[in-house]
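Just so it is clear, the model here is predicted, and its values are computed rather than measured. Numbers restart at 1 for each chain; the letters A, B, ... are given by sequence-line order, proteins then strands. These values consider heavy atoms only, across backbone and side chains, with no hydrogens, waters or symmetry-generated copies.
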There are 4 protein chains.
Amino acid sequence: MKIDRRVQRTRQLLRAALIELILEKGYQAITVQDITDRANLGRATFYLHYPNGKDELLLKMMEETMQDIIQQIGQPAAGELMTDGVPPSLVAFQHAQENAAFYRAVVGADGLAGVMHGYRQSTTAQIKQQIESWLPPGVQPTVPLDFIAHFIFGALNAVIVWWLENENAISAEEMAQRFQKLIRDGINGFTQPQTDARRLDRGREEQHRD
Amino acid sequence: MKIDRRVQRTRQLLRAALIELILEKGYQAITVQDITDRANLGRATFYLHYPNGKDELLLKMMEETMQDIIQQIGQPAAGELMTDGVPPSLVAFQHAQENAAFYRAVVGADGLAGVMHGYRQSTTAQIKQQIESWLPPGVQPTVPLDFIAHFIFGALNAVIVWWLENENAISAEEMAQRFQKLIRDGINGFTQPQTDARRLDRGREEQHRD
Amino acid sequence: MKIDRRVQRTRQLLRAALIELILEKGYQAITVQDITDRANLGRATFYLHYPNGKDELLLKMMEETMQDIIQQIGQPAAGELMTDGVPPSLVAFQHAQENAAFYRAVVGADGLAGVMHGYRQSTTAQIKQQIESWLPPGVQPTVPLDFIAHFIFGALNAVIVWWLENENAISAEEMAQRFQKLIRDGINGFTQPQTDARRLDRGREEQHRD
Amino acid sequence: MKIDRRVQRTRQLLRAALIELILEKGYQAITVQDITDRANLGRATFYLHYPNGKDELLLKMMEETMQDIIQQIGQPAAGELMTDGVPPSLVAFQHAQENAAFYRAVVGADGLAGVMHGYRQSTTAQIKQQIESWLPPGVQPTVPLDFIAHFIFGALNAVIVWWLENENAISAEEMAQRFQKLIRDGINGFTQPQTDARRLDRGREEQHRD
DNA sequence: TCCTAAGCGAGACGGTACGTCTTGTCTTCCA
DNA sequence: TGGAAGACAAGACGTACCGTCTCGCTTAGGA
């Protein structure tokens with residue numbers, strides 16, 4: 001049976017309405033009625049497509065969004081270092097910046113608990129995969145990769161939320177650079193004078209500045 | 001005027017009821033009626049003490065909880081390093097372990113958005129204060145302290161949530177030790193063989209103990 | 001659009017429930033919840049139909065009831081005298097007798113103030129219309145018709161309430177006859193011996209029948 | 001035991017507050033809190049004096065008011081006609097006029113059902129007594145006196161309410177005169193040309209116009 | 001081109017929770 | 001001891017959403 005094009009249209013109207021409303025009043029304050037009013041649809045129609053309510057609609061949208069990011073980051077070649085190419089976190093910061101209001105509403109302080117769960121799952125999985133690709137073959141991390149993945153996810157997320165909240169003039173590039181550095185070298189890198197540890201990094205940095 | 005002891009009793013009943021219910025069905029699913037039923041109080045009485053509903057009660061409780069942690073961590077002596085004494089993060093991990101169910105409900109995936117905000121505010125402020133106390137006098141960090149504070153908060157929080165979710169057998173001490181290391185030295189510390197960076201720390205410690 | 005028959009059903013259920021409850025516990029003591037419980041409806045549904053609460057429901061019922069009475073009285077032919085045919089007040093007394101409990105609750109001592117207002121408005125309007133139809137063409141009353149209408153309404157109402165309160169054996173017919181006489185001839189008719197005034201009436205009747 | 005003067009003071013404050021509030025917002029809308037706020041008393045104190053709430057206070061006040069009217073009307077000498085002296089209804093109309101706002105709130109459309117009951121009881125009793133005093137000794141009315149008393153009470157009350165509602169310029173004297181006439185002679189007196197029945201009245205009226 | 005199943009608008013309905021209001025009781029303290 | 005202050009239980013209020021449902025209208029896509 002051929003799919004009715006009206007269905008696609010309806011879902012698109014609902015998606016668009018949700019985005020608009022999130023930017024206007026925040027996700028929590030939105031009712032199903034709000035969405036269908038905005039989309040010029042009947043409330044019952046909403047439940048026809050998303051029987052579990054607005055969370056289901058948001059989740060579906062988030063999933064697609066995350067697919068977006070992941071594809072932008074792309075698959076690192078095996079053995080490629082985390083410092084090569086576009087740093088993954090830069091993609092994240094840029095994406096956040098472009099969709100600031102949406103992020104603020106969904107991921108930040110007023111975000112949806114249930115949504116965060118799915119977000120965290122897919123993001124940490126993605127991070128884990130990245131880390132694995134960095135590991136030189138045969139090297140075993142001395143800490144569970146999940147630990148590191150959640151560490152990075154939590155840090156990245158919190159920093160993005162902080163960044164978006166204070167509309168201060170730090171660029172995405174600078175954020176990404178500092179974030180990468182902190183992840184790689186830890187706090188010491190920021191509070192210590194240049195040491196051997198720094199030299200190690202510099203070596204690598206020079207390498208890809210070629 | 002002397003403080004009515006009934007008030008204290010009532011609030012304690014409400015607090016206890018909320019905790020019980022969070023462990024039973026999760027914060028989101030709790031109604032004010034649930035709480036007052038459990039506490040054997042009238043619903044109106046609830047609003048007498050917490051006019052803004054259950055979020056206000058939870059926030060008040062969280063604030064006290066955070067005061068708890070902060071006092072356990074105590075004020076580090078000036079110049080004392082984050083590596084000396086009990087690491088602050090160990091206190092956090094232990095506290096989370098002792099109140100696992102509560103953390104799971106409040107801070108984790110099903111946590112309350114509005115509550116997270118306040119939680120983040122006070123915690124990052126506290127972290128910032130800690131970092132400042134570590135800084136050698138006169139040393140200027142090359143990155144906003146807020147950036148670092150949110151970085152640490154996000155990472156710590158995510159790692160705790162992950163840890164509590166997978167009831168795996170990592171001890172709080174081990175978690176804290178790994179966390180501290182990751183914060184201090186970054187990923188390199190885990191994926192690189194032992195380098196000067198470690199020796200460096202020791203060197204610094206001696207340096208400050210002069 | 002076709003009228004949803006469910007709406008009619010729902011309103012009928014509410015009406016029936018209200019009557020039952022009035023007879024059981026009096027109007028004042030009834031809550032909206034009582035009514036919807038009895039009618040097996042949701043409380044919110046009640047407000048869907050009567051947004052102003054139980055008073056609105058009662059008023060709507062009273063209006064229909066008054067329509068009933070008015071139609072029973074019917075339109076007197078022009079020039080027909082109040083003494084011809086079935087006296088309007090007899091209809092009122094009979095109606096009160098048939099719905100004694102309802103009247104007792106609504107119009108009597110425990111009646112609803114706000115309801116009385118509407119009741120008085122429509123009833124006096126109706127009485128006024130009756131009086132006008134009695135007036136020989138061209139005759140101007142020497143007193144405002146409103147005055148007379150409220151006079152009659154008040155007197156009739158009070159007498160009905162008294163009658164219903166003391167379950168004494170006066171028949172509706174007797175009540176109506178006495179009431180009509182008192183209205184027509186005043187107290188003198190009862191405390192004075194038969195005078196010309198009576199003969200006069202008869203005279204007039206013949207006069208108008210020409 | 002000496003009566004505590006504070007008790008009298010407290011009750012007086014409550015009475016005054018109730019009157020003020022009735023004039024401002026109507027009896028129904030008043031809460032006990034309103035009254036005690038206005039009287040600068042504690043709410044609990046109110047219940048100390050009137051355990052059954054505001055109705056009890058109002059009833060006590062109404063009883064005293066009715067005592068007032070009754071004393072103003074005074075005891076008619078035996079055999080005195082209803083047309084002699086100051087007509088009782090004039091006292092009623094004047095009293096209503098002087099306390100218009102109070103009447104409007106208490107007796108009129110928004111009056112209190114329970115209060116009306118007591119009001120009707122004492123007033124009809126009083127009317128009955130008046131009628132009895134008019135009756136020539138030995139004359140038996142052909143209708144129960146209660147019937148007539150309620151008839152008069154209802155008519156008088158309704159007419160007063162109507163009068164007060166429409167702030168029209170009919171004087172109390174005119175109202176009383178018309179009312180008395182309607183009671184005495186019935187409608188016929190107003191709609192008929194001068195007849196024998198009228199001459200009868202005129203005879204009596206001239207008598208007391210001396 | 002028709003017709004038929006679907007998508008859809010409209011809105012009634014039962015339900016649940018909300019936050020507010022008022023009532024009447026009780027307890028504690030003050031003058 | 002009378003009163004002020006106010007905590008408390010009880011319970012109704014009117015509102016807001018929810019998710020389900022039924023009813024017709026409209027329309028797309030297969031016949």
Side-chain angles (χ1 to χ4, degrees), chain A residues 1-11 13 29-34 36-37 39-54, chain B residues 1-11 13 29-34 36-37 39-54, chain C residues 1-11 13 29-37 39-54, chain D residues 1 4-7 9-10 13 29-34 36 39-54:
Chain A
M1 187 205 311
K2 197 175 173 188
I3 295 169
D4 198 322
R5 280 197 303 277
R6 282 178 296 173
V7 173
Q8 300 311 315
R9 194 188 98 95
T10 295
R11 296 198 180 162
L13 287 173
I30 297 173
T31 70
V32 172
Q33 183 79 69
D34 288 336
T36 53
D37 281 358
N40 279 323
L41 291 170
R43 197 159 62 90
T45 304
F46 183 96
Y47 289 101
L48 214 57
H49 296 275
Y50 304 99
N52 297 330
K54 63 174 183 167
Chain B
M1 186 199 321
K2 195 180 170 186
I3 295 170
D4 197 324
R5 280 195 304 278
R6 281 177 300 170
V7 172
Q8 301 311 315
R9 195 189 97 96
T10 295
R11 297 199 176 158
L13 287 173
I30 297 173
T31 71
V32 172
Q33 183 78 69
D34 287 338
T36 53
D37 280 359
N40 278 324
L41 290 170
R43 195 158 64 89
T45 303
F46 182 95
Y47 289 101
L48 206 60
H49 296 276
Y50 305 100
N52 297 330
K54 62 175 183 167
Chain C
M1 187 198 322
K2 195 180 168 187
I3 296 171
D4 198 325
R5 281 196 303 278
R6 281 177 301 169
V7 172
Q8 302 310 316
R9 196 189 96 95
T10 295
R11 296 199 178 158
L13 288 173
I30 297 173
T31 70
V32 171
Q33 182 79 70
D34 288 337
I35 300 172
T36 52
D37 280 358
N40 278 324
L41 291 171
R43 194 159 64 90
T45 303
F46 183 96
Y47 289 101
L48 205 60
H49 296 276
Y50 305 100
N52 298 329
K54 62 176 184 167
Chain D
M1 188 206 313
D4 197 325
R5 280 196 303 277
R6 277 180 300 171
V7 173
R9 194 188 98 94
T10 295
L13 287 173
I30 297 172
T31 70
V32 172
Q33 183 78 71
D34 288 336
T36 52
N40 279 323
L41 291 170
R43 197 160 61 88
T45 305
F46 183 96
Y47 289 100
L48 213 58
H49 296 276
Y50 305 99
N52 297 331
K54 64 174 183 167

Not counting sequence neighbours, which residues clear side chain to side chain contact (heavy atoms under 4.5 Å, CB included) with C:R43? List them please. C:V32, C:Q33, C:T36, C:Y47
Between [options], which one does the side chain of [X] approach most closely?
{"X": "A:R6", "options": "F:dC18, E:dG7, E:dG9", "value": "E:dG7"}
{"X": "B:A44", "options": "E:dC21, F:dA4, E:dC18", "value": "E:dC21"}
{"X": "C:T31", "options": "E:dT23, E:dC8, F:dA12", "value": "F:dA12"}
{"X": "D:Y47", "options": "F:dT15, F:dC18, E:dT25", "value": "E:dT25"}

Between D:G53 and A:A39, which has a closest nucleotide on DNA chain E that is more 5'? A:A39
Along DNA chain E (nearest heavy atom to each residue), the more 5'-positioned of C:H49 and A:L48: A:L48
How long is the straight-line distance from [atom2] of [Y] back to [atom1] of [X], given to the nearest 0.5 Å?
{"X": "A:R11", "Y": "A:T45", "atom1": "CZ", "atom2": "OG1", "value": "12.0 Å"}
{"X": "B:N40", "Y": "B:L13", "atom1": "CG", "atom2": "CG", "value": "8.0 Å"}
{"X": "B:H49", "Y": "B:L41", "atom1": "NE2", "atom2": "CG", "value": "7.5 Å"}

Taking [atom1] from [X] and [atom2] from [N], how many angstroms apart are they, rounded to a whole number?
{"X": "C:D37", "N": "E:dG15", "atom1": "CG", "atom2": "C1'", "answer": "13 Å"}
{"X": "B:Q33", "N": "E:dG19", "atom1": "CD", "atom2": "P", "answer": "12 Å"}
{"X": "A:R9", "N": "F:dT27", "atom1": "CZ", "atom2": "P", "answer": "11 Å"}
{"X": "A:L13", "N": "E:dG9", "atom1": "CG", "atom2": "C1'", "answer": "14 Å"}
{"X": "D:N40", "N": "F:dG2", "atom1": "CG", "atom2": "P", "answer": "21 Å"}
{"X": "D:Y50", "N": "E:dT22", "atom1": "OH", "atom2": "P", "answer": "21 Å"}
{"X": "D:F46", "N": "E:dT23", "atom1": "CZ", "atom2": "P", "answer": "9 Å"}
{"X": "A:L41", "N": "E:dG9", "atom1": "CG", "atom2": "C1'", "answer": "9 Å"}

Kindly indicate whether the side chain of B:R43 and the base of F:dG11 share any N or O donor-acceptor pair separated by less than 3.5 Å? no
Got a sec, which residues hit ring pair (Phe, Tyr, Trp, His ring centres under 6.0 Å) with B:F46, two or more places apart in sequence or on another chain? B:Y50
How large an angle, rounded to 10°, do the end axes of the helix from E:dT1-F:dA31 to E:dA31-F:dT1 enclose when each is built from five base pairs? 10°
By nearest-nucleotide position on DNA chain F, the 5'-leaning member of C:D34 and B:T45 is B:T45
With nearest nucleotide decided by heavy atoms, which residue, B:T10 or A:N52, maps closer to the 5′ end of DNA chain F? B:T10
Taking the side chain from D:D34 and the backbone from D:T31, do they hold a donor-acceptor pair closer than 3.5 Å? yes
